[in-house]
Colleague: 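This structure is in structure tokens; I'll ask about it shortly.
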Amino acid sequence: MNATQEKATTEGSLKQVIAHAKEYGFVFPSSEIYDGLSAVYDYGPFGVELKNNLKALWWKTMTQLNDNIVGIDASIFMHPTTWKASGHVDGFSDPMIDNKDSKKRYRADVLIEEHAAKLTPEAGLALEKELARLLEADDLSGVLALIVRENIKCPVSGTANWTDVRQFNLMFSTQVGSVAEDSSTIYLRPETAQGIFVNFLNVQKSARMKVPFGIAQIGKAFRNEIVARQFIFRMREFEQMEMQFFVRPGEEMTWYQHWKATRLNWHKALGIPENKLRFHDHEKLAHYANAAVDIEFEFPFGFKEIEGIHSRTDFDLKSHQEYSGKKQQYFDSEINQNYVPYVVETSVGADRLFLMTLCNAYTEELVGEGEQQKLRTYLKLNPAVAPIKAAIFPVTKKDGLPEKARLIFDDLRLDMKVIYEEKDNIGKRYARQDLIGTPFCIAVDYQSLEDDTVTIRYRDSTLQERIAIKDLKAKLMAETSFNTILSKL
RNA sequence: GCGGGAGUAGCUCAGCUGGUAGAGCGAUAGCCUUCCAAGCUAUAGGUCGCGCGUUCGAACCGCGUCUCCCGCUCCA
């Protein structure tokens, strides 16, 4: 651990990243003055800039670089039947049971299914049927009775000392209408995808889209997680960036592979090192999917999913067709056929993308020698997504330097987010910008008054070079443009 | 939800076996200083997470509660 001698560059632990995020205005706990609200967070002044940039980058990648992808913005509230059709009403609530000795929590249905697998095929099948009947009837005490009757034990403690079976519904519900009695229950969407599916024909017709084509959407979704933790990694209110890609039946695997590669590449282009990213194939597939893979990032707490790519088959559109009684078909004039398209989904957690970006950017470096040695903390953010693109400093606040700097600032602000500061010595000002990841600092000095040049100081190297003021904006625009990322795709 | 750990100024922490709060950094204002958290002056900021109890007296002891962190479980 004695790495103090060499120039050690380290990434932060999750704790450090959280502390940094709060201290420097990226992420605050929600309603903090009331002790916060579990698993809910607010984005601060620099956090919202960073997040907006990430969202804009994704949006442009999808809708600007692909002429067959268009966007929508659907509501959070949807007709309740939507969630019956999607399977969330039935499938999104889990019967849970705790073992009082081992303190472990299990899904009661999984426990019984695993037990059934050990029985003879006939007995196992009979048990599963019984379970299905009980679940269908929402008979939770019946499920417990079944566990007791079968003498199912906890794999850890080996005892059958169980709590009651309790239902955890992951969807938030609320009422429409001001009078409680007359109102009907509706849900806050647990995923944004259904807003796309129910608008499939609206979009296809109005934008005259031809299969294969995609619909992109960024929006909030809500899940009443039993356990929500790890900062903004798992929140009860979160933001998804989803693109549903509609393809001819039978061609879904080709597109699945295509989007898998394309999306991984996007994260790399953003500047995430290759060795911190990996694919993780799903062995157990969701009810709607015939193939699924996660793109995982190595967070301080391990490799975790940031994006999912799913081949959702025609499950959703078919289901909506059934429940709504409205045909969800597409006429493919190339092959002269009507069909319900298959869907390949790419779904990024915007907050996870944000957290990945922040974790990856957080850097601590020992600089200086001996007594002078100190820790330099900065955010190595990609300039294209950095909250502040440049800071403009007069080297002192007299002799007309502030006025000169102001002119540059007023010109730059028309094109990008910049900061002007003249308080404190310039080293302190550099350090403050490092902490929020500002990639460039522009210093106006006495030479600037004579020959209209300034120095530009680079965040990561702390090196400076002199540049003519007339060339400054073009350089900054080029260095901070989305183009620097998009051109790599 | 369960188990473990932790809550004192914006941050990092100090505060003895109970005697009603302090430091450094940071922030703000000013001075000084043309280049990497320098120096000087001043100011602001805390019902010690919250509640109840014990006590003449609680940051400190007891009980309860809330929040955060780590693990179990689940997912975008």
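We name chains A, B, ... by the order of the sequence lines, and we start the count at 1 in each one. A quick note: this is a predicted structure, and the numbers were derived from the prediction, not measured.
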Colleague: Heavy atoms under 4.0 Å is the rule here; annotate nucleotides 33-38 of chain B 5' to 3' with B where the base is hit, S where only the sugar-phosphate is, and - elsewhere.
Modeller: SBBBBB
Colleague: Within a radius of less than 6.0 Å around CZ of A/F301, do more than 12 heavy atoms belonging to other residues, nucleotides or ligands occur?
Modeller: yes
Colleague: Looking at A/R234, A/K51, A/Q240, which hits side chain to side chain donor-acceptor pair (under 3.5 Å) with A/D351?
Modeller: A/K51
Colleague: Determine the interatomic distance between P on B/G1 and the same-named atom on B/A59; round to the nearest Å.
Modeller: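 My reading of the P atoms in B/G1 and B/A59 gives 30 Å.
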Colleague: Let me spell it out: for each of A/E23 and A/E239, pick the nucleotide of RNA chain B with the closest heavy atom. Which residue's pick is nearer the 5' end?
Modeller: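 The residue closer to the strand's 5' end, by nearest nucleotide, is A/E23.
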Colleague: Give the minimum heavy-atom separation between A/S319 and A/A85, together with the two atoms involved.
Modeller: OG-O, 2.5 Å
Colleague: Could you check whether the rings of A/F245 and A/W259 sit parallel, tilted or perpendicular, using 30° and 60° as the cut-offs?
Modeller: perpendicular
Colleague: Using atom CE of A/M235 as one end and atom C1' of B/C68 as the other, report the distance to the nearest whole Å.
Modeller: 16 Å
Colleague: Do we get A/R352 above A/F354's six-membered ring, with its NZ or CZ under 6.0 Å from the centre and within 45° of the axis?
Modeller: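 Not satisfied by the 6.0 Å and 45° rule.
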Colleague: Only counting residues at least two apart or in another chain, list the ones meeting salt bridge (Lys or Arg N to Asp or Glu O under 4.0 Å) with A/K475.
Modeller: A/E465, A/E479
Colleague: Between the base of B/A76 and the side chain of A/R223, is there any donor-acceptor pair under 3.5 Å?
Modeller: yes
Colleague: To the nearest Å, give me how far apart NE2 (A/H88) and C1' (B/A76) are.
Modeller: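 So the NE2-C1' distance, A/H88 to B/A76, works out to 11 Å.
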Colleague: Using the P atom as the point on both nucleotides, what is the distance between B/A42 and B/G24, in whole Å?
Modeller: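 Between the two P atoms, the distance is 13 Å.
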Colleague: Would you indicate what A/Y458 reaches in the nucleic acid, counting non-hydrogen atoms under 4.0 angstrom: base, sugar-phosphate, or nothing?
Modeller: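 No contact at all - A/Y458 keeps every heavy atom at 4.0 Å or more from the nucleic acid.
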Colleague: If you write RNA chain B from 5' to 3' in dot-bracket form, with Watson-Crick or G-U pairs under 3.5 Å, [ ] for crossing pairs and | for pairs with another strand, what do you get?
Modeller: ((((((((.[[[[.)...(..]]]].(((((.......))))).....[[[[[..)....]]]]])))))))....
Colleague: What is the distance, rounded to the nearest whole Å, between atom NE2 of A/H267 and atom C1' of B/A76?
Modeller: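 After rounding, the reported distance stands at 11 Å.
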Colleague: Is A/K260 close enough and on-axis enough to A/F279, meaning under 6.0 Å and within 45°, for cation-pi?
Modeller: yes
Colleague: How long is the line joining CD of A/Q16 and P of B/C68, in whole Å?
Modeller: 20 Å
Colleague: Could you walk me through whether A/F440 and A/Y458 satisfy the ring pair (Phe, Tyr, Trp, His ring centres under 6.0 Å) test, starting with their C-alpha distance in whole Å, then the side-chain angles of each, then the deciding distance to 0.1 Å, before giving a yes or no?
Modeller: CA-CA 5 Å; A/F440 307 106; A/Y458 298 91; 5.7 Å; yes
Colleague: Rounded to whole angstroms, how far apart are CD1 on A/I232 and P on B/C69?
Modeller: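 Distance check: A/I232 CD1 to B/C69 P gives 12 Å.
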Colleague: Among A/E345, A/E242, A/E307, find the one that has a salt bridge (charged side-chain N to carboxylate O under 4.0 Å, His left out) with A/R263.
Modeller: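 It is A/E307, the one option of A/E345, A/E242, A/E307 that forms the salt bridge (charged side-chain N to carboxylate O under 4.0 Å, His left out) with A/R263.
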Colleague: Can you see which heavy atom on A/C359 is nearest to which on A/F297, and at what distance?
Modeller: CB-CE2, 4.3 Å
Colleague: Give the rounded distance in Å between these two atoms: CD1 of A/I295 and P of B/C75.
Modeller: 18 Å
Colleague: Distance between the P atoms of B/C60 and B/G53, in whole angstroms?
Modeller: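 Here B/C60 and B/G53 have their P atoms 14 Å from each other.
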Colleague: Provide the distance between the two C1' atoms, one in B/U43 and one in B/G7, to the nearest whole Å.
Modeller: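 Pairwise C1' distance, B/U43 against B/G7, rounds to 29 Å.
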Colleague: How far does the C1' atom of B/G15 sit from the matching atom of B/U54, given to the nearest Å?
Modeller: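 23 Å, rounded to whole Å.
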Colleague: Any idea how A/F200 and A/F246 line up, ring-wise: parallel (<30°), tilted (30 to 60°), or perpendicular (>60°)?
Modeller: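 Geometry flag for A/F246 against A/F200: tilted rings.
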Colleague: Contacts to RNA chain B from residues 301-312 of chain A, heavy-atom cutoff under 4.0 Å, which residues?
Modeller: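 Correct list: A/E305, A/I306, A/E307, A/G308.
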Colleague: So which of A/L353, A/I18, A/I232, A/L50 actually passes side chain to side chain contact (heavy atoms under 4.5 Å, CB included) with A/L358?
Modeller: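 Answer to the side chain to side chain contact (heavy atoms under 4.5 Å, CB included) test with A/L358 among A/L353, A/I18, A/I232, A/L50: A/L50.
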Colleague: Name the closest nucleotide to the A/Y41 side chain, picking from B/C75, B/G30, B/C68.
Modeller: B/C68
Colleague: Using atom C1' in both nucleotides, what's the gap between B/A21 and B/G3 to the nearest angstrom?
Modeller: 35 Å
Colleague: Just the rounded figure in Å: distance from P of B/U67 to CZ of A/F231.
Modeller: 17 Å
Colleague: Quick one, A/T313 with A/V343, criterion side chain to side chain contact (heavy atoms under 4.5 Å, CB included). Give me CA distance, side-chain angles, the key distance, then yes/no.
Modeller: CA-CA 5 Å; A/T313 69; A/V343 173; over 6 Å; no
Colleague: Using the C1' atoms only, state how far B/G10 lies from B/G26, rounded to an integer number of Å.
Modeller: 7 Å
Colleague: List, with names and distances, any nitrogen or oxygen atoms from the protein found under 3.5 Å away from nitrogen or oxygen atoms belonging to nucleotides 43-46 of chain B.
Modeller:
none

Colleague: For nucleotides B/A6 and B/C48, find the distance between their C1' atoms and express it as a whole number of Å.
Modeller: 15 Å
Colleague: Just how far, in rounded Å, is P of B/C32 from CG of A/D399?
Modeller: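 Checked: the CG to P distance equals 11 Å.
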Colleague: Kindly determine whether A/D294 and A/R278 satisfy salt bridge (charged side-chain N to carboxylate O under 4.0 Å, His left out), including the steps that lead there.
Modeller: CA-CA 8 Å; A/D294 295 336; A/R278 74 176 187 197; over 6 Å; no
Colleague: With a cut-off of 3.5 Å and sequence neighbours excluded, list every side-chain donor-acceptor pair involving residues 398-406 of chain A.
Modeller:
residue: A/D399; atom: OD2; partner: A/Y446; partner atom: OH; Å: 2.3
residue: A/K404; atom: NZ; partner: A/D452; partner atom: OD1; Å: 2.4

